[in-house]
Amino acid sequence: MSSGGVGGGSLGAGLPYHKFVSFALEETRLRTTLTPHPSQEKFKSIKPNDDNTVFNALSFSAPKIRLLRSLTIEKKNSYQVLDFAAFSEPEYDLPIFCANVFTTHAQSIVVLDLNPLYDTTVHKDYKDKYYRSIMPLVHKYNELLPWGGKITSESLKFFSPIVIWTIFESTEHNHHVLHSAFVDYYKVWLELMDQAIKENNKATIARNQEEQHKYLTWRAEKDPGYPLLKKLIGESRAEDLVMEFLFEGVNTLGTKSFLDYFPEYARDDGSVNKKRSMMGKSFETRPWDANGEFIGDAEAQ
Ligand code: BLA
């Protein structure tokens with residue numbers, strides 16, 4: 001399968017991330033009805049400036065799902081990207097499914113998680129509700145997909161105790177393991193989605209919506225993929241892609257600004273500090289124990 005001399009073979013003919021996306025869509029269709037999201041029309045045929053790069057963008061919604069969207073990018077003989085996410089309607093407090101992979105011949109940078117809508121170190125009830133029963137997933141993948149080392153500290157509050165944050169050598173074997181983890185995590189998310197019961201309390205719905213908006217606001221401003229997107233399609237198209245496709249809802253789900261949510265990024269002149277991180281990197285090892293208790297405080301200080 002390896003295309004001779006390009007390394008682990010994972011960047012050969014059979015584009016691995018299309019397989020991830022088609023699995024997820026098929027599996028979703030077994031449980032619900034997907035309708036194309038309005039953003040799909042505008043973004044499905046993005047053409048990058050360079051002929052060697054292909055973008056594939058798909059977006060849908062479903063009765064409980066506000067937005068399920070997928071972006072894959074392939075630059076021939078260079079790198080591949082998967083950015084897949086699913087956001088529920090605010091009547092549900094479901095975690096946000098998040099699969100991000102940046103793969104070169106040498107290595108793959110991976111975040112795979114059911115990102116919590118509410119910070120699990122603060123909201124123990126939320127942690128128990130969604131993560132207590134699925135903690136065994138960590139044990140299943142901890143050795144095969146080990147903790148990727150120090151990470152932008154701000155990311156941690158958007159991660160759950162089951163997050164897979166890893167950097168691995170781009171081999172076929174490692175991609176098989178990643179695929180298996182993606183399948184497991186996505187099936188868990190679908191099961192949670194199936195079981196989710198609609199919230200009727202207006203204040204709770206508003207709170208869910210604000211938390212989702214905060215998440216979208218963070219990622220739309222500080223996502224590590226943003227600089228590369230700007231390079232590939234130019235600043236204004238990258239901004240459209242981020243605001244109206246990847247993190248669609250950032251302009252409609254709430255009115256608070258980035259600095260309202262993250263005041264520590266304010267510069268003296270009132271603008272947003274362009275630095276990705278104010279806190280720097282930390283957490284050399286996995287900062288949760290097997291029960292999902294956060295144990296990273298000492299190290300972060
Ligand atoms: C790197 N992407 C990273 C890193 C993380 C993530 C944690 C390592 C660097 C760091 O510590 O920040 C991903 N971080 C996330 C995710 C969340 C988060 C998913 O906080 C969610 C809350 N990645 C993409 C896309 C591209 C991409 C679409 O998702 C490119 C178009 C590229 N990610 C990319 C690149 C790097 C990276 C190039 C390495 C460069 C860097 O570290 O800045």
Side-chain angles (χ1 to χ4, degrees), residues 83 85 93-102 107-169 174 177-178 181-182 184-185 188-189 192 207-208 210-226 258-259 261-266 273 275-301:
D83 184 343
D93 66 357
L94 280 172
I96 296 156
F97 183 82
C98 163
N100 283 70
V101 190
F102 177 77
Q107 65 173 26
S108 298
I109 304 175
V110 177
V111 173
L112 176 62
D113 193 22
L114 273 54
N115 289 157
L117 195 61
Y118 293 90
D119 182 342
T120 58
T121 54
V122 181
H123 301 269
K124 305 281 182 207
D125 51 338
Y126 189 83
K127 190 188 74 179
D128 289 344
K129 177 176 179 183
Y130 285 115
Y131 301 101
R132 190 205 286 265
S133 65
I134 58 175
M135 285 310 294
L137 282 169
V138 173
H139 183 65
K140 183 170 179 188
Y141 290 106
N142 217 4
E143 269 178 40
L144 292 166
L145 300 171
W147 187 254
K150 285 194 175 176
I151 182 164
T152 305
S153 308
E154 284 86 347
S155 293
L156 260 281
K157 57 179 175 295
F158 299 101
F159 288 178
S160 84
I162 64 156
V163 68
I164 293 179
W165 146 244
T166 193
I167 301 180
F168 59 65
E169 195 190 338
N174 284 336
V177 177
L178 179 63
F182 179 88
D184 282 353
Y185 276 54
V188 166
W189 188 83
L192 296 176
R207 219 157 53 107
N208 291 342
E210 179 164 309
E211 285 300 305
Q212 189 175 141
H213 185 248
K214 181 179 178 183
Y215 176 95
L216 294 166
T217 302
W218 169 258
R219 294 204 56 193
E221 181 77 33
K222 296 291 175 194
D223 208 68
Y226 208 165
F258 182 84
L259 290 177
Y261 291 124
F262 310 103
E264 63 278 20
Y265 281 83
N273 196 318
K275 269 167 62 172
R276 268 266 307 295
S277 167
M278 302 308 291
M279 288 149 72
K281 294 196 176 195
S282 51
F283 312 110
E284 189 69 55
T285 56
R286 188 174 194 87
W288 292 274
D289 69 12
N291 297 318
E293 286 299 320
F294 190 69
I295 50 168
D297 279 341
E299 198 196 353
Q301 283 160 10

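Nothing fancy with the numbering, it's 1 onward along the sequence. Since we're looking at a predicted model, the values are computed, not measured.
Contacts of Asp289 classified as salt bridge (Lys or Arg N to Asp or Glu O under 4.0 Å), with partners at least two apart in sequence or in another chain: none. Scanning for salt bridge (Lys or Arg N to Asp or Glu O under 4.0 Å) contacts around Lys214 gives an empty result, with sequence neighbours left out. By the ring pair (Phe, Tyr, Trp, His ring centres under 6.0 Å) test, Tyr130 is found to be paired with Tyr126, residues two or more places apart in sequence or in another chain being considered. For Arg132, the salt bridge (Lys or Arg N to Asp or Glu O under 4.0 Å) partners at least two apart in sequence or on another chain are Asp128. For Lys129, the side-chain hydrogen bond (donor to acceptor under 3.5 Å, both in side chains) test picks out Asp93, with sequence neighbours left out. Contacts of Asp223 classified as side-chain hydrogen bond (donor to acceptor under 3.5 Å, both in side chains), with partners at least two apart in sequence or in another chain: Arg219. Remark: Asn142 engages no residue in a side-chain hydrogen bond (donor to acceptor under 3.5 Å, both in side chains) (not counting sequence neighbours). In this view, Phe102 and Tyr79 satisfy the ring pair (Phe, Tyr, Trp, His ring centres under 6.0 Å) rule, not counting sequence neighbours. With sequence neighbours excluded, the residues satisfying salt bridge (Lys or Arg N to Asp or Glu O under 4.0 Å) with Glu210 are Lys256. Under the side-chain hydrogen bond (donor to acceptor under 3.5 Å, both in side chains) criterion, Thr217 pairs with no residue, sequence neighbours left out. For Glu264, the side-chain contact (heavy atoms from CB on, under 4.5 Å) criterion is met by Phe262, Met278, not counting sequence neighbours.
Listed here is the closest heavy atom pair of Pro116 and Ser160: CD-N, 3.5 Å. Between Trp147 and Glu284 the shortest heavy-atom distance is CD1-O, 3.2 Å. The shortest non-hydrogen separation linking Thr166 to Pro146 is OG1-O, 2.6 Å. When all heavy atoms of Gly280 and Ser277 are compared, the closest pair comes out as N-OG, 2.8 Å. Gly292 and Lys127 get closest at one heavy-atom pair: O-CD, 3.4 Å.
In this structure, Pro224 and Arg276 have side chains that are in contact, with non-hydrogen atoms separated by less than 4.5 Å. The shortest side-chain heavy-atom distance between Ile162 and Tyr185 falls under the 4.5 Å cut-off. Side-chain contact between Cys98 and Tyr215 is present, with heavy atoms from C-beta onward closer than 4.5 Å. For the pair Glu169/Gln107, no side-chain contact is recorded, criterion being any heavy-atom separation below 4.5 Å from C-beta on. Put simply, the side chain of Leu156 reaches to within 4.5 Å of the side chain of Phe294, judged on heavy atoms. Here the side chains of Phe168 and Ile109 are not in contact, with every heavy-atom distance at 4.5 Å or above. Contact check for Tyr265 versus Glu154: side-chain heavy atoms found under the 4.5 Å cut-off. Two residues are said to be in side-chain contact when any heavy atoms from C-beta on lie closer than 4.5 Å; Trp288 and Val138 fail this criterion.
Screening Ile96, Ile134, Val163 against Leu114 for a side-chain contact (heavy atoms from CB on, under 4.5 Å) leaves a single residue, Ile134.
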* Asked: When you look at Phe182 and Phe97, which way does the ring-ring contact (aromatic ring centres under 6.0 Å, His included) test go after all the steps?
  -> CA-CA 10 Å; Phe182 179 88; Phe97 183 82; 5.7 Å; yes
* To do: Go through Tyr261 and Glu221 one step at a time and tell me if the side chain to side chain donor-acceptor pair (under 3.5 Å) criterion holds.
  => CA-CA 12 Å; Tyr261 291 124; Glu221 181 77 33; over 6 Å; no
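Expressed to the nearest 0.5 Å, how far OG1 of Thr120 lies from CG of Asp125 amounts to 11.0 Å. To the nearest 0.5 Å, the span separating CZ on Phe159 from CD1 on Ile151 amounts to 4.0 Å. Summarising the geometry, atom CG belonging to Leu216 is positioned 11.0 Å from atom CD belonging to Glu211; distances are rounded to the nearest 0.5 Å. Note that CD of Glu293 and NZ of Lys124 are 5.0 Å apart. Values are rounded to the nearest 0.5 Å. Interatomic distance, CG of Leu117 versus CD of Gln212, reported as 6.5 Å (0.5 Å rounding). Residue Leu145 holds its CG atom at 10.5 Å from OG of Ser108, rounded to the nearest 0.5 Å.
Taking the six-membered ring where tryptophan is involved, the planes of Trp218 and Phe158 are essentially parallel, since the angle between them stays under 30° and well short of 60°.
For the 3.5 Å distance criterion, the side chains of Ser153 and Ser282 qualify, holding a donor opposite an acceptor.
Judged purely by atom type and a 3.5 angstrom limit, Tyr118 uses its side chain to pair as donor or acceptor with the backbone of Asn208.
Here salt bridge (Lys or Arg N to Asp or Glu O under 4.0 Å) pairs that include residues 134-148, with residues two or more places apart or in two chains, are Lys140-Asp184.
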